[in-house]
Amino acid sequence: MSAELLAAARANLDRIDREIDKTHLANYGLTGSNTDQFMTALATEYERQHPDQYIARVKALASMAFFALPTSRRPPTG
């Protein structure tokens, strides 16, 4: 997985921070920003056992379309 794809996913998670279910995320017992916790939880759940799903989910995060934010654009690699 490219660093650019991971960076795009993280940037989009930063944009939707208020929408992340913090109660569910707390079940993992992680620390750091919501984005850090989300990406760690995602990797924990999928990266080793279901790498195809992990890649698909990171790609989905990286390619989110923001209709309410017309100045936000999808990254060219997303």
Side-chain angles (χ1 to χ4, degrees):
M1 172 136 6
S2 73
E4 292 83 10
L5 189 63
L6 287 169
R10 293 180 65 78
N12 283 340
L13 283 170
D14 287 344
R15 288 184 185 106
I16 63 160
D17 181 70
R18 291 181 298 173
E19 306 301 322
I20 295 173
D21 184 351
K22 293 160 189 67
T23 303
H24 179 78
L25 203 53
N27 292 327
Y28 287 91
L30 302 168
T31 58
S33 70
N34 289 330
T35 296
D36 290 339
Q37 291 181 53
F38 191 100
M39 292 301 288
T40 300
L42 184 65
T44 300
E45 292 288 335
Y46 294 99
E47 189 172 24
R48 292 178 194 234
Q49 292 184 355
H50 306 286
D52 56 327
Q53 283 295 310
Y54 176 69
I55 292 167
R57 290 167 190 262
V58 172
K59 283 181 179 178
L61 290 170
S63 63
M64 281 191 262
F66 295 94
F67 297 104
L69 299 172
T71 59
S72 294
R73 299 190 194 268
R74 216 176 67 215
T77 59

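Computed from a predicted structure; not experimentally measured.
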Problem set entry | Separation between CE of M64 and CZ of R15, rounded to the nearest 0.5 Å | 8.5 Å
For this session: Answer whether the closest heavy-atom distance between the side chains of M39 and L61 falls below 4.5 Å.
Result: yes
Exercise. CG/D17 to OG1/T35 distance, rounded to the nearest 0.5 angstrom?
Worked result: 6.0 Å
Problem set entry | Gap between atom CZ of R57 and atom CZ of F38 - 0.5 Å precision | 9.0 Å
For this session: For the pair I20 and Q37, evaluate side-chain contact (heavy atoms from CB on, under 4.5 Å) and give the outcome as yes or no after the intermediate values.
Result: CA-CA 10 Å; I20 295 173; Q37 291 181 53; over 6 Å; no
Exercise. Taking atom CD1 of I55 and atom OH of Y46, what is their separation to the nearest 0.5 Å?
Worked result: 14.0 Å
Exercise. What's the shortest heavy-atom distance between L5 and A62, and which atoms?
Worked result: CD1-CB, 3.5 Å
For this session: Compare every heavy atom of A41 with every heavy atom of L25, then report the nearest pair and how far apart it is.
Result: CD1-CB, 4.2 Å
Problem set entry | Side chains of V58 and L42 in contact at under 4.5 Å (non-hydrogen atoms) | yes
Exercise. In Å, rounded to the nearest 0.5 Å, how long is the span from CG of L13 to OG of S33?
Worked result: 9.0 Å
For this session: Kindly compute the distance separating OH (Y28) from OG1 (T44), expressed to the nearest 0.5 Å.
Result: 7.5 Å
